[in-house]
Colleague: 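For reference, the structure I am asking about is given below.
Chain identifiers are assigned alphabetically (A, B, ...) following the order of the sequence lines, protein sequences preceding nucleic acid strands; residue numbering begins at 1 within each chain.
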Number of protein chains: 2
Amino acid sequence: MQIMKDKILQYLSKYTVITKELEKAIAESTFIQCFTKGDILLKEGSTSNECYFIIKGCIRSYYLKDGDEKTIEFYTEDEAVIPLNYDTIIPSGHYLECVEETIVSVGNPELESETFQKFPELGMLSRIIGQKIMAQQQESFADYKMSTPEERYLNLVKRRPDLIQRVPQHQIASYLSVKPESLSRIKRRLMNK
Amino acid sequence: MQIMKDKILQYLSKYTVITKELEKAIAESTFIQCFTKGDILLKEGSTSNECYFIIKGCIRSYYLKDGDEKTIEFYTEDEAVIPLNYDTIIPSGHYLECVEETIVSVGNPELESETFQKFPELGMLSRIIGQKIMAQQQESFADYKMSTPEERYLNLVKRRPDLIQRVPQHQIASYLSVKPESLSRIKRRLMNK
DNA sequence: TCAACGCATTGACTTTAGTTAAGAAATAAA
DNA sequence: TTTATTTCTTAACTAAAGTCAATGCGTTGA
């Protein structure tokens, strides 16, 4: 179990120096939880008071529109999943679902705010990480807008080849905003080249 | 000129209580600047050390791809424009251009950091505003992914009718990620309904 | 073992956006 | 005002995604 905590510390150490006290505080303000394939971590319409750091596995966020699922993002190992409405009273617009067996470290605002009180440097840290996530998001939005479905697929294969293996095709399709039939055709088209 | 500063304070007062001292500090750490239509505030490849609050006018951010412009966002009155690479040494990936005559309040990190020193509550404030911007961004991404170009156009007409009036059609088209010809057809299609 | 279900693929057809080119309308410049 | 230039619209054609329907292929479960 200690290995799991280490991954979080490793993640944070990319941004700041982790003291022994801070390490202890983080260990105390999070806990490990396991989910199985298909488990829903967050429902549309409900509030969320948890955020997750993925130790192992894959989490998918999606909306429902006209009865079918529109995948927003896939999160995998060593990524933080922070619901948009985290630490607010706003009901969630999206779902969080485990694509496979998933082990996460769970954080919540009550425990966090204590830690934040004791370690003001974490405030700066969360701002920096937030900025970085925001920049990545904006970039991937720009990438998305500038690409055709075919280019988006090629891009995904290149940047996250693991997803192609571990995620059902129709979820990949909804992530690329095409119908499963179209994704099949895109793949066939690329084979004949 | 005092009226302009007031708009910033009004914006900030949505998030925190503005004391007299804070008001004074903000007034001292920003200045007003005017631009005319077509002026470039930030070039691709250059670093940015300014952020803007729009008093009046409209600013467009865009990338260049294959020679033509891809509009990322339009910013108008009472909105903050914070370049992605603000306060970093990272060269900008996008341009900022004035769509029309625009009056902004300019902030920069040197002046700001002094203010931040004196008023630690501004740190929290910037985190909250950052989170809000992030949430909006993620939501508009989701909206975008879930919609057809036609739906995106209708959505824009509904949510930001002013843009349709003040921004050239081909820039609107690039914002919706369609060619100008397609936007023309979409409009015609909608007329005949 | 075999039936049922979900998932991926394929085909025929429809719809819509991209492309190219031409012309109309609006704006800016001489 | 008149000329240029940019912007918008229209048309004909091509390419690609959506839709509907059928088939095949694994996995699950009775």
Side-chain angles (χ1 to χ4, degrees), chain A residues 36-40 58 60 62-71 74 97-101 144-157 161 163-193, chain B residues 35-40 58 60 62-71 74 95 97-101 144-157 161 163-193:
Chain A
T36 184
K37 181 179 172 180
D39 278 5
I40 303 287
C58 180
R60 177 174 73 106
Y62 65 90
Y63 285 73
L64 274 186
K65 184 176 182 190
D66 306 330
D68 48 21
E69 304 172 355
K70 305 282 182 175
T71 299
F74 294 103
E97 184 206 49
C98 292
V99 171
E100 56 193 46
E101 175 142 309
Y144 180 92
K145 283 184 72 172
M146 294 196 290
S147 316
T148 62
E150 182 173 316
E151 287 170 329
R152 289 202 291 270
Y153 175 72
L154 284 170
N155 206 26
L156 187 68
V157 170
L163 284 187
I164 310 290
Q165 304 306 321
R166 68 207 290 192
V167 174
Q169 205 94 282
H170 67 278
Q171 289 182 4
I172 299 278
S174 98
Y175 180 57
L176 302 173
S177 300
V178 293
K179 298 285 158 186
E181 296 93 326
S182 291
L183 182 53
S184 271
R185 275 182 300 218
I186 288 170
K187 282 170 60 184
R188 179 153 48 109
R189 215 162 50 218
L190 292 170
M191 294 287 279
N192 308 335
K193 280 190 180 174
Chain B
F35 296 96
T36 183
K37 181 180 172 180
D39 279 3
I40 303 286
C58 180
R60 177 174 72 106
Y62 65 89
Y63 285 74
L64 274 185
K65 184 176 184 191
D66 307 331
D68 49 22
E69 304 172 354
K70 306 281 182 176
T71 300
F74 294 103
Y95 291 81
E97 184 204 51
C98 294
V99 171
E100 56 192 47
E101 176 141 308
Y144 181 92
K145 281 187 72 171
M146 292 196 293
S147 315
T148 62
E150 183 171 316
E151 288 171 328
R152 290 202 291 270
Y153 175 72
L154 286 170
N155 206 25
L156 187 68
V157 170
L163 285 186
I164 310 290
Q165 303 306 320
R166 67 209 289 192
V167 174
Q169 204 94 283
H170 67 279
Q171 289 182 4
I172 299 279
S174 98
Y175 181 55
L176 302 173
S177 298
V178 293
K179 299 286 160 188
E181 298 91 328
S182 291
L183 182 52
S184 272
R185 273 184 302 218
I186 288 171
K187 282 170 60 184
R188 180 154 46 108
R189 219 164 43 221
L190 292 170
M191 293 288 279
N192 307 335
K193 279 191 180 172

Colleague: Walk along nucleotides 5-12 of chain D from 5' to 3' and tag each nucleotide B, S or - by protein heavy-atom contact under 4.0 Å, base first, then sugar-phosphate.
Modeller: --SSBBSB

Colleague: Are any of the side-chain heavy atoms of B/Leu64 and B/Glu69 separated by less than 4.5 Å?
Modeller: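 Counting from C-beta outward, B/Leu64 and B/Glu69 do come under 4.5 Å.
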
Colleague: Take B/Lys37 and B/Ser177, find for each the nucleotide of DNA chain C with the closest heavy atom, and name the residue whose nucleotide sits nearer the 5' end.
Modeller: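 Result of the comparison: B/Ser177.
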
Colleague: Using whole Å, what does the distance between atom C1' of nucleotide C/dG18 and atom CE of A/Met146 come to?
Modeller: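 Taking atom C1' of C/dG18 as the reference, CE of A/Met146 is at 18 Å.
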
Colleague: Considering just the side-chain nitrogens and oxygens of B/Arg189, establish if one lies under 4.0 Å of OP1 or OP2 belonging to C/dA17.
Modeller: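 Affirmative; the distance criterion is met.
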
Colleague: Could you check whether any side-chain heavy atom of B/Tyr175 comes within less than 4.5 Å of a side-chain heavy atom of A/Lys145, counting everything from C-beta outward?
Modeller: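 Sidechains of A/Lys145 and B/Tyr175: in contact.
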
Colleague: Begin from the C-alpha positions of B/Tyr144 and B/Asn155 and carry the test side-chain contact (heavy atoms from CB on, under 4.5 Å) through to its verdict.
Modeller: CA-CA 10 Å; B/Tyr144 181 92; B/Asn155 206 25; over 6 Å; no

Colleague: With each end axis built from five pairs of C1' atoms, what bend angle do you get for the helix from C/dT1-D/dA30 to C/dA30-D/dT1? Round to 10°.
Modeller: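 Here the helix ends are tilted 40° relative to one another.
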
Colleague: What's the CD1-C1' distance between A/Ile186 and D/dA17, to the nearest Å?
Modeller: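 Rounding to the nearest Å, CD1 of A/Ile186 and C1' of D/dA17 are 8 Å apart.
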
Colleague: Do B/Arg152 and B/Ser147 have side-chain N/O donor and acceptor atoms under 3.5 Å apart?
Modeller: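 Per modelled atom types, B/Arg152 and B/Ser147 side chains form no pair under 3.5 Å.
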
Colleague: Write down the distance between CD (A/Glu150) and P (C/dA17), rounded to a whole number of angstrom.
Modeller: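 Going from A/Glu150 (CD) to C/dA17 (P), I get 19 Å.
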
Colleague: Answer yes or no: is there a side-chain heavy-atom contact under 4.5 Å between A/Lys187 and A/Tyr153?
Modeller: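 Yes, close enough: below the 4.5 Å cut-off.
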
Colleague: B/Thr71 pairs by side chain to side chain donor-acceptor pair (under 3.5 Å) with which of B/Gln171, B/Arg60, B/Glu97?
Modeller: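 The side chain to side chain donor-acceptor pair (under 3.5 Å) with B/Thr71 is passed solely by B/Arg60 among B/Gln171, B/Arg60, B/Glu97.
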
Colleague: Measure the distance from CE on A/Met191 to P on C/dA8 and round it to the nearest whole Å.
Modeller: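 Rounded to whole Å, this separation is 16 Å.
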
Colleague: Counting distance only, does the side-chain N/O of A/Lys65 pair as donor-acceptor with the main-chain N or O of B/Met146 below 3.5 Å?
Modeller: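 Yes; at least one donor-acceptor contact below 3.5 Å.
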
Colleague: Less than 4.5 Å apart, side chain to side chain, heavy atoms only: is that true for B/Ser174 and B/Asp68?
Modeller: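 The answer is no; the side chains never approach within 4.5 Å.
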
